[in-house]
Amino acid sequence: MPNKPSPLDRRKFFGSASAAAAGAALSLSAASYAKVPGSADRLRVAFLGCGGRAQAHIDLVNRFTRDGKGVAPVAVCDVWDGLEDEYEVEFGGKVTRRRYAQGLYPSATKCGLDPADRGRVTKDYRRVLDLKDVDAVCVATPDHWHGKMTVDALAAGKDVYVEKPMTRTAEEATAVLDAWKRTGRVVTVGVQSMADPVWVKAFDFVRTGKIGHVAHAQTGFFRNDVRGQWRFYRLTPNMTPRTVDWDLFLGHAFELAGRPVGPTPKGRPFDRAAFAQWRCDSAFGGGPLTDLLSHNLTHLIAATGVRYPARVTAGGGLYLEYDGRDVPDVATVVADYEEGCQLVATAATITGYPVEEVIRGRLGAIKFVRGGFQVFRDDPTRGAAFPPRLERHPEPAEFVAVEPPRNDTEALWENFLECVRARRQGTFSPPDLGAAAVAVTALAELSYRSGSAAFWDRERRAVAGPDGGWAERWARRSRARAKPNQVFGWSGGDAGSTLQPPDYQKLAGPWANGRDPAV
């Protein structure tokens, strides 16, 4: 992080790491771009996974097609035949009528494809990747398939829009990151909030030292539904082993990063709930740790400038939603970074009251609100500048207005398509950011399950073993009193001290052989 940062724009912020990774492979001349499949006409998109979230993506691409934006759907893949239906829902004392259209064949019809075309309407994603006229794929499957499909799509020469979290495990995230760098393809991770330029503006505030050394940040995600979180996803009688390719759904015959993608049928026999409500099953998703906090962790690490954590501790449990799930309904993550910063992220699916989203520095704090962020000045020479309980909200010293996109998913797609056409890897939500977020959530899951802290080895880019010397190592860094970094306080090594100790601190220190250290 430079001591004298240059002016920052959105493209530079998200593209810097990408450009360094891919080198000359990222730039294409006008002549060479003409040879890119679909470039002379339309970008042709295939959908891998056609559940509820995928329908939003299909609707967007269909609208882009109607609006003449040079994109068209050309193939769909899902392990379930699907269902098109209308039904009534009674909830909260109200009855509403809804239209349901998910799965393979309804999605084919929505995309204007012939359901009988086995080459473009298939349950096996590999057939889609074999299609030469598919330029990009949208991966919107259950989480455990994200990494494998993304790596295979990149190897097949496709660009990828993959839903968050980018992968299920940290090892898979590293595999995706390596494939992205090796192939030079374009990948964006579907964290909708990353389409908001507020995180870039906040990072500009942070990196130029306007709130001093950033040592703490917090975020959270809260929901409350009496049916049980994710149990509102509909189960239908026609979800059966005849209509669902359960082996393909599980993915036990496929491997990524040396591990099977999913469990065997013996470990997970067919179950409609495991299929349609997979977010409640730890074999396929991480519950609130991954499904909810992935959003917040991604944009918060982007705003603070940190990436991979050094230590992660997670707590929580299954406290109320006793419905057969094995993911927690309350979870809190504490991630510590070598730069001298801590992120706290908390989530619950049994209460809806939120926490403020804040970045705290030595000289002030940033609080994110609708349409920008508030800046609060802090003065370490005054001691406690804010009351311990905020009966009244303090007045901000400044408000930085940042206009959000009208539709964040649409903005993320438009950026993805723009980057595909320009052969630019620096999307709003690139894989290097996605991998850093997965490292946090994967370590958090490990900590939650094991009951101990989890660690990340930056050199090996892998989960590390227990580290009992963490606290002592940080104490030694404190004693080292490295020269302070006046811009941010982060030097990549020892964090510099900006303390102004009182004169009597000179009297401190151990007496060696009975000698006064102050003499």
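Start at 1 with the first residue, then count along the sequence.
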Exercise. Validate the cation-pi geometry between Lys148 and Phe254: distance from NZ or CZ to the six-membered ring centre under 6.0 Å, angle to the ring axis within 45°.
Key: no
Quiz item: Is it true that the side chains of His57 and Glu163 contain a donor and an acceptor less than 3.5 Å apart?
Solution: yes
Self-check item: Polar side-chain atom of His216 near backbone of Gly361 as donor-acceptor pair, under 3.5 Å
Solution: no
Self-check item: Aromatic Phe91 / basic Arg227 pairing, under 6.0 angstrom, 45° off normal
Solution: yes
Practice problem: Would you confirm whether Asp78, through its side chain, and Cys50, through its main-chain N or O, come within 3.5 Å as a donor-acceptor pair? | Solution: yes
Quiz item: Taking atom types as modelled, is there a side-chain donor on Asp326 or Ser282 under 3.5 Å from an acceptor on the other?
Solution: yes
Quiz prompt | Heavy-atom pair with the smallest gap, counting every atom of His252 and Pro260 | solution = O-CB, 4.0 Å
Quiz item: Does one side chain, of Thr96 or Glu88, offer a donor that lies under 3.5 Å from an acceptor on the other?
Solution: no
Quiz item: Do Lys367 and Glu357 come within less than 4.5 Å of each other through their side chains, counting heavy atoms only?
Solution: no
Quiz item: Taking the six-membered ring of Phe284, is the NZ or CZ of Arg168 close enough (under 6.0 Å from the centre) and on axis enough (within 45°)?
Solution: no
Quiz item: Do side-chain atoms of Asn62 reach the backbone of Lys110 as a donor and acceptor pair under 3.5 angstrom?
Solution: yes
Quiz item: Can you find a side-chain donor-acceptor pair between Arg53 and Thr409 that sits under 3.5 Å?
Solution: yes
Quiz item: Do NZ/NE/NH1/NH2 and the carboxylate oxygens of Lys123 and Asp245 come within less than 4.0 Å?
Solution: no
